[in-house]
Amino acid sequence: MAKNETSVPEYDFAAIEKKWQQRWDEQRLYKATDNPDPDNKFYMLVMFAYPSGDIHMGHFRNYIIGDAVARRQMMLGKDVLHPFGWDAFGLPAERAAIVRNIHPDDWTNQNIGVSRKTLQRVGISFDWSREVASCAPDYYRWTQWMFIQLFRKGLAYRKKGFVNWCPEDKTVLANEQVKDGCCERCGTIVEQKEQIGWYFKITDYADRLIDDLEDLDWPANVKTMQREWIGRSYGLEVDFTIEETGEKLPIFTTRPDTIYGVTFMAIAPESDIVGKLNMDDRHAAAVAEYRRKTAMRSNIERSSLTDDKDGVFTGKYAINPYNGEHVQLWVADYVLAGYGTGAVMAVPAHDTRDFAFARRYGIPIRVVIHPDENTTLDVNTMDDAFVEYGPMVNSDRFDGRAGKEAIDAVSTYAEEQGFGRRKVNYKLNDWSISRQRYWGCPIPIIHCDTCGSVEVPESDLPVVLPPVENFKPRGRSPLADVPEFMNVRCPKCGGEAQRDADTMDTFVCSSWYYLRYCDPHNDREPYEKKKVNAWLPIDLYIGGITHATGHLIYFRFFQKFLHDIGWARDTEPAKVLFNHGMVMDAHGEVMSKSKGNVTSPITLTEQRGVDIGRMAMFFTAPSERPVLWSEDSVTGVEKFVTGKLYPTIAEYRGSDPDLKQRFNDGELSKPEFKQYIKLNQTAKRVNESYERLQFNTAIAALMELVRDYNPSDITNDALNDQIILKTIQMVAPLAPHIAEEMWQLAGFETSVFNSSWPEFDPEAIIGDTVEVAIQVNGKLRDTVIVPAEPDQETVEAAAFASEKIQTYTQGKQIIKKIFVRGRLLNIVVKG
RNA sequence: GCGAAAGUGGCGGAACUGGUAGACGCGCUGGAUUUAGGAUCCAGUUCUUUACCGAGUGGGGGUUCGAGUCCCCCCUUUCGCACCA
């Protein structure tokens, strides 16, 4: 064996990790350029983290995936931007600070320090010179700037309305922060409360937010969730008339073809239409009582009563403009005040909810759609509404029309007659952003009795969050009790005025952070456009699925807005999105402190080393699937790294090979050629695995390569050394420290991450012989070994030479033969 | 209830456009080494069987020379939506 006798030091991971983390830092290996080549750049982004103090396995997994991608992109010669920062405002800091009796600012900064150190310890290739924290005045100054831009375009406005109110956190929540009727953060049942606050008019962007999903390379489920959340539907708005007052009562419907089947109308209890009806005392009292009752019910109670529709009659009637019919007007809580016009036309025969309601209160049911020409529906035997399309009946001039065509005809008629118009509705509501809390970005608005809501002049930004002793929640913003903060002069008229006391939803802060990374220290503007346009769009954005209908809609909205006002070229922030799977314990349970089943990446890496921890995480499952973490995940990978991979460096012969050199069959011995083939097959497989973020199969391929590597068969030093060096390069993005150490032991003075990612020799993927499967009638009966790239005759000759094949074909009629190049021959026989 | 995705050994998981199912690893079994344990190495490991044969990717049907992969029905799991008119 041509073994190099220089002794290789033992694998001391602690020393190796420390050494390389220090050197990488000194060399500024991860420092991103300000002037990337736009055709050769890679913006690798992982989601902003909340600095809770400990980095858990979920973070670890998220960041090592991004890290592997970033490091490989470096080796592919790209200009790489791989930044990190902190989503540092928000309730948890405020609560922790209350409990510990320290200031949220101190608590947050301490945690950032600890978390940053942990991330550095696990060797993530973040460019820390670009770190941002959303609670820093030089960051939130520009969050306020963003608010002002929206305000100037009329896209930030203040209104009084019903909002989600968390009684525990004592603050307003956005729809996106309410889960199953409960506060997403603390689980308390959310109440509806009338409150004045600021909104972003995201609904203006609803169409673009849906339509532009088309071109995004995002997981299909996220796109579907966003489409459903925005909830676009096309329909007709029809003006019914209130009988006595003659007032218009517009309603929205997606089924104009059922309009002759309307037998009653229903109004949402919260709708202000209810107040305009002129009800007599008896009905007014009943309605008031009903409204009071609904107000007390929480959202979950209301939605869980799906089958049990109730309501109350107003004593009033409305007129259907199509046929002049007078129908009863009810108040019912299955109608939502916040969608459409807050009132609906009810067609019991063709809507499940209306059907249940009509049956309960004995309201007439009239069939106006038949399943088809030959089938008629009988009201008396129906046990549910018929909701499909079909020909219209009992519908005057429209009888016989069906489906989309019917809807068109009915809609056009309304438009011609002037009592209706085609309309698009959305489930998406405007984004409520006011929070009655201390630890957030102050809203840069001054309220003046004469001038109204006035923006703080840009030169006065940031509006600094004042130091406050007592920031306990009391149901209104703690800032409201700080007169030095609140009382200011109006920037317009100079009169006495008051600041807005609320702070912004932290999702505002995280809606533009990816732009700030491109120019994080700019103190004249949020960022230089040129820099943002050079780095954007994000080439790969990695995070958990939890943000599908929150952050991932908000930041698309911001990007589009900034595009519209000339601050960004791109209309979408991230071309590719990837959701990694969760990390759970060995039994598939979510890790949590209360369950006591938390494994810390810090402990893991201290005991086994960072690279082993990373490799184990990568190897256990492909990146998008959940990982059930257990010690068994580590065993095999640890044996491989310390027992197989690392010792190969002792076989290095110091030939300083040209890694671009390709060998051909003739210049290598048979066993050498075999190993050369294996190397190139592996390079191909590893490449494909990296592209799909399937690092588990990349590791499997590398394990095979190292297993089959046999230096005693190799006399060609250049080949031997090429195998070793390329192995190191291929494993480097996954296990950076050990790879860098081996690279140095091989004699290199520059980083492995500055070397070129190995390409494979396409001529060396197929060996000199191949195994071809021989099937008879589609069943595998034998395999034959033939020279590479065989033609059909060669394989057939080999096949019919096989005794096994003969026993299956003898005395039978051969009908046809199917030959798949390099794969198989299928002989179809009869008899 | 509606919608989507997924069901492969004892376990985590491989299998590109239909083409040799179970790569790689864990675990397990046997052997070597060792005073012993551990570690390491070698061999085996889908099921049934001594072996051959046969069966086999949740169940049932279909298309095809050939199906884990495509189509239909059913079951299970996970996720999302959940009165959106």
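Within every chain, numbering begins at 1; the chains are lettered A, B, ... in the order of the sequence lines, protein sequences first and strands thereafter. Worth saying up front: this structure is predicted, and the values here are computed from it rather than measured.
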How is [X] classified with respect to the nucleic acid when contacts are heavy atoms under 4.0 Å: base, sugar-phosphate, or nothing?
{"X": "A:V828", "value": "sugar-phosphate"}
{"X": "A:T783", "value": "base"}
{"X": "A:P219", "value": "nothing"}

Query - Distance-only donor-acceptor check, side chains A:S411 and A:Y234, under 3.5 Å - result: no
Query raised in the report: So which heavy atom on A:P622 is nearest to which on A:Q694, and how close?
Result: CB-CG, 4.0 Å
Report summary line: Nearest heavy-atom approach of A:V238 to A:P321 is CG1-CG, 3.6 Å
Under-4.0 Å side-chain N/O to phosphate OP1/OP2 contact, [X] with [N]:
{"X": "A:K639", "N": "B:C26", "result": "yes"}
{"X": "A:R625", "N": "B:G12", "result": "no"}
{"X": "A:N696", "N": "B:G25", "result": "no"}
{"X": "A:S233", "N": "B:A85", "result": "yes"}
{"X": "A:R781", "N": "B:G54", "result": "yes"}
{"X": "A:Y334", "N": "B:A85", "result": "no"}

Between [N] ([atom2]) and [X] ([atom1]): distance, integer Å:
{"X": "A:I230", "N": "B:G80", "atom1": "CD1", "atom2": "P", "value": "18 Å"}
{"X": "A:N777", "N": "B:G66", "atom1": "CG", "atom2": "P", "value": "8 Å"}
{"X": "A:Q775", "N": "B:C65", "atom1": "CD", "atom2": "P", "value": "13 Å"}
{"X": "A:Q226", "N": "B:A4", "atom1": "CD", "atom2": "C1'", "value": "16 Å"}
{"X": "A:L825", "N": "B:C65", "atom1": "CG", "atom2": "P", "value": "16 Å"}
{"X": "A:R821", "N": "B:C16", "atom1": "CZ", "atom2": "P", "value": "19 Å"}
{"X": "A:M703", "N": "B:G12", "atom1": "CE", "atom2": "P", "value": "18 Å"}
{"X": "A:F695", "N": "B:G12", "atom1": "CZ", "atom2": "C1'", "value": "18 Å"}

Query raised in the report: P atom, B:A67 versus B:G18: distance in rounded Å?
Result: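 My reading of the P atoms in B:A67 and B:G18 gives 14 Å.
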Requested in this report: Assign each of A:K644 and A:F252 to its nearest nucleotide of RNA chain B by heavy atoms, then name whichever residue's nucleotide is nearer the 5' end.
Outcome: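 Its nearest nucleotide lies further toward 5', so the answer is A:K644.
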Report summary line: Walking RNA chain B from its 5' end, the first of A:A621 and A:D632 to be reached, judged by nearest nucleotide, is A:A621
Proximal nucleotide (of [options]) relative to the [X] side chain:
{"X": "A:N826", "options": "B:C83, B:A85, B:G19", "answer": "B:G19"}
{"X": "A:V335", "options": "B:A85, B:C26, B:A23", "answer": "B:A85"}
{"X": "A:V820", "options": "B:G25, B:G19, B:C81", "answer": "B:G19"}
{"X": "A:R692", "options": "B:G54, B:A15, B:C65", "answer": "B:A15"}
{"X": "A:L824", "options": "B:U20, B:G13, B:C83", "answer": "B:U20"}
{"X": "A:E704", "options": "B:C24, B:A55, B:A15", "answer": "B:C24"}
{"X": "A:T635", "options": "B:C26, B:A85, B:U20", "answer": "B:C26"}
{"X": "A:Q694", "options": "B:A14, B:C24, B:G19", "answer": "B:A14"}

Query raised in the report: Any donor-acceptor pair under 3.5 Å joining the side chain of A:K309 to the base of B:C83?
Result: yes
Pair partner, [N] [Watson-Crick or wobble, under 3.5 Å]:
{"N": "B:U17", "value": "none"}
{"N": "B:G44", "value": "B:C28"}
{"N": "B:G1", "value": "B:C81"}
{"N": "B:A67", "value": "none"}
{"N": "B:U76", "value": "B:A6"}

Query raised in the report: Under a 4.0 Å N-O cut-off, is there an ion pair linking A:R692 with A:E688?
Result: no
Query raised in the report: Is the shortest distance from a Lys or Arg side-chain nitrogen in A:D239 or A:R421 to a carboxylate oxygen in the other one below 4.0 Å?
Result: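 Between A:R421 and A:D239 there is a salt bridge, with a charged N closer than 4.0 Å to a carboxylate O.
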Requested in this report: For a side chain to side chain contact (heavy atoms under 4.5 Å, CB included) with A:I230, tell me which candidate from A:L209, A:D207, A:T549, A:I202 qualifies.
Outcome: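 The passing option is A:L209.
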Report task. Look at atom CD of A:Q792 and say whether more than 12 heavy atoms of other residues, nucleotides or ligands are closer to it than 6.0 Å. Result ->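 Atom CD in A:Q792 is crowded, with more than 12 foreign heavy atoms closer than 6.0 Å.
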Query raised in the report: ring pair (Phe, Tyr, Trp, His ring centres under 6.0 Å) between A:F264 and A:F357: does it pass, once the steps are laid out?
Result: CA-CA 10 Å; A:F264 69 100; A:F357 195 89; 5.2 Å; yes
Query raised in the report: Which label fits B:G61, syn or anti, where anti is any glycosidic angle not within 90° of 0?
Result: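 Anti for B:G61; the angle lies over 90° from 0.
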